[in-house]
Amino acid sequence: MSTAPAAPITPPDALVYAEARSRSDAQAKPLGALGRLEELGCWIAACQGVCPPEPLDDVRVVVFAGDHGVSEHGVSAYPAAVTTAIVAAVAAGRAGINAIAGAHGVRVRAVDVACRDDIPGSDASGAPIGAHKIRRSSEPLHLRDAITLDEAQAALALGDAVAAQEIADGAQLLIVGDVGIGNTTPAAALIAASYGLPAATVTGRGTGLDDAGLAAKTELIATALTRVGDRAADPLTRLAALGSADLAAAVGFVMGAARRGVPLIVDGVIAAAEATLAEALQPGTAAWLRAGHLSPEPACAIALERLGLEPILALGMRLGEGTGAVTAVPIVRTAVAVQRDLAALADLVAQPQPQPEPARA
């Protein structure tokens, strides 16, 4: 089955970007003195289609969760049961993402796409966390395709529907988060297959593998890439064969945000892989994205560079859940505040007043 990429989507408004750039250049500061804040402010203005941009009062992170068949094959320092515990903690407001998001007024929603166990509780919309579960865990991708093509399409549709819900409810800026032990393995495999790279180039230590564990993980990814072979050239097949239902749902979420003209901040290596597939399936998506931070996972830097995204932060964060992207939100809000509130230099510098002619005798 071959999947043709969707028609390119409309980019952020170039005329508004130029207007915001001119506004920034005329403000009371040397040209470029606020560095990347200036570009971020112009980008938000272009995404919103208005200059100056509106304050980012409604920012949301959706955490897509799932278990991964490869977690039973030595690719993680933690057992698969941790996925259930962390998703439950996100739902209860006690995980890392909740702590960081709470400090910045960012709303958090958890969606169980493919968790092995049923997660108790409801998400931020009031629906059961597992109301839209696609399947229970993925298959071990080095042995067989992680999910079917039908499941991949269903997951993409789920992610798009979640994006539509959040945007209809007022979201101005979105973030995609992840929970799933073993998920750096499909992320690395997807990035390797997307850019024609060997497993050794993209494989990282994930949750903290030792050297032996890293070698085993690298070999597993290499086996998966060889198993899929030329089928990986098709992006939907690539997503099904080497990804997972939760990653596919997040890809649909990224695509849905971009298609509806809402900007999205990319988190670490999982989100970078999702952004890579979103751009492959829907060209032009990357224009609606900015990278919140740089994960230590080697595949993250590779994907962000290929997508043309420069990380806002580099703090060595590797928790996932959307935490790095949420940590960058205050900087994006600062960029908007500068665009909105910094006076024009001409308004501050006194203009010379015409002098009256001397009285004649």
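Each salt bridge (Lys or Arg N to Asp or Glu O under 4.0 Å) pair with one or both residues in residues 318-338, not counting sequence neighbours, would appear here, but there are none. Sorted by first and then second residue, the salt bridge (Lys or Arg N to Asp or Glu O under 4.0 Å) pairs with a member in residues 210-226 read Arg205-Asp211; sequence neighbours excluded. Judged as a salt bridge (Lys or Arg N to Asp or Glu O under 4.0 Å), the pairs with a partner in residues 293-314 (not counting sequence neighbours) are, in order, Arg36-Glu310. Each salt bridge (Lys or Arg N to Asp or Glu O under 4.0 Å) pair with one or both residues in residues 56-73, not counting sequence neighbours, appears once here: Asp58-Arg60, Arg60-Glu166, Arg60-Asp169.
Going from atom OG of Ser244 over to atom CG of Leu247 covers 4.0 Å, rounded to the nearest 0.5 Å. Note that the CD atom of Gln165 and the CD1 atom of Ile167 stand 10.5 Å from one another [nearest 0.5 Å]. Taken to the nearest 0.5 Å, the CD1 atom of Ile175 stands 6.5 Å off from the CD1 atom of Ile265. Going from atom CG of Leu173 over to atom CD1 of Ile44 covers 5.5 Å, rounded to the nearest 0.5 Å. Atom SG of residue Cys115 and atom CD1 of residue Ile181 lie 11.0 Å apart, to the nearest 0.5 angstrom.
Tyr78 is not connected to Leu209 by any chain of hydrophobic side-chain contacts under 4.5 Å among Ile, Leu, Val, Met, Phe, Trp and Tyr, and they are in different clusters. No continuous path of hydrophobic side-chain contacts links Val332 to Val16 [ILVMFWY only; heavy atoms under 4.5 Å]. Note on Trp288 and Val162: separate hydrophobic clusters, where clusters join Ile, Leu, Val, Met, Phe, Trp and Tyr whose side-chain heavy atoms are under 4.5 Å apart, directly or indirectly. By the rule that hydrophobic residues join a cluster once side-chain heavy atoms approach within less than 4.5 Å of another member, Leu143 and Val228 end up as members of separate clusters. Both Leu342 and Leu56 belong to a single network of hydrophobic side chains, linked directly or stepwise wherever heavy atoms of I, L, V, M, F, W or Y lie under 4.5 Å apart.
Listed by chain and residue number, Arg135 satisfy the salt bridge (charged side-chain N to carboxylate O under 4.0 Å, His left out) test with Glu151 (two or more places apart in sequence, or in another chain). In this structure, Asp267 has no salt bridge (charged side-chain N to carboxylate O under 4.0 Å, His left out) partners at least two apart in sequence or on a different chain.
Side chain of Thr323 to backbone of Leu319: no donor-acceptor contact under 3.5 angstrom is found. Looking at Lys29, its side chain does come within 3.5 Å of a backbone N or O of Ser24 through a donor-acceptor pair. In this structure a side-chain-to-backbone donor-acceptor pair under 3.5 Å is present from Thr207 to Ala77. Under a 3.5 Å cut-off, the side chain of Asp13 and the backbone N or O of Leu15 do form a donor-acceptor pair. The backbone N or O of Gly69 lies less than 3.5 Å from a partner atom in the side chain of Ser138, making a donor-acceptor pair. Looking at Trp43, its side chain does come within 3.5 Å of a backbone N or O of Ala287 through a donor-acceptor pair. Between the side chain of Arg340 and the backbone N or O of Pro53 there is at least one donor-acceptor pair closer than 3.5 Å.
Residue-environment remark: CZ (Arg94) stays at or below the threshold of 12 foreign heavy atoms within 6.0 Å.
Of the charged side-chain nitrogens involved, none lies within less than 4.0 Å of a carboxylate oxygen, so that Arg23 and Glu38 do not count as a salt-bridged pair. Salt-bridge formation is not detected for the pair Arg238/Asp234: no Lys NZ or Arg NE/NH1/NH2 atom is positioned less than 4.0 Å from an Asp or Glu carboxylate oxygen. Between Arg136 and Asp117 there is no salt bridge, since no side-chain nitrogen of the basic residue lies less than 4.0 Å from a carboxylate oxygen of the acidic one.
When all heavy atoms of Gly324 and His293 are compared, the pair lying nearest together is CA-CD2, 3.5 Å. Ala20 and Ala45 get closest at one heavy-atom pair: CB-CB, 4.0 Å.
Side-chain contact, Thr285 with Gln282: a donor N or O sits under 3.5 Å from an acceptor N or O. Between the side chains of Asp150 and Thr148, no donor-acceptor pair of N or O atoms lies under 3.5 Å.
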| request: Begin from the C-alpha positions of Val50 and Gln48 and carry the test side chain to side chain contact (heavy atoms under 4.5 Å, CB included) through to its verdict. | output: CA-CA 5 Å; Val50 60; Gln48 293 182 354; 3.7 Å; yes
| field | Tyr195/Thr276 under side-chain hydrogen bond (donor to acceptor under 3.5 Å, both in side chains): CA gap, chis, key distance, verdict | value | CA-CA 9 Å; Tyr195 300 123; Thr276 295; 3.3 Å; yes
| said: I'd like to know whether Gln27 forms a side chain to side chain contact (heavy atoms under 4.5 Å, CB included) with Val338, so could you lay out the CA-CA distance, the side-chain angles of the two residues, the decisive distance to 0.1 Å, and finally the verdict. | reply: CA-CA 9 Å; Gln27 287 175 323; Val338 168; 4.0 Å; yes
| query | Yes or no on side chain to side chain contact (heavy atoms under 4.5 Å, CB included) for Phe64 and Val62, after CA distance, side-chain angles and deciding distance? | reply | CA-CA 6 Å; Phe64 293 94; Val62 177; 3.6 Å; yes
| field | Candidate pair Thr84 and Asp118, rule side chain to side chain contact (heavy atoms under 4.5 Å, CB included), full reasoning | value | CA-CA 8 Å; Thr84 302; Asp118 291 325; over 6 Å; no
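Between Thr201 and the choices Ile191, Thr218, Ile302, the side-chain contact (heavy atoms from CB on, under 4.5 Å) rule is met once, by Ile302. None of Asp112, Ile270, Val63 except one satisfies the side-chain contact (heavy atoms from CB on, under 4.5 Å) rule with Val179; the exception is Val63.
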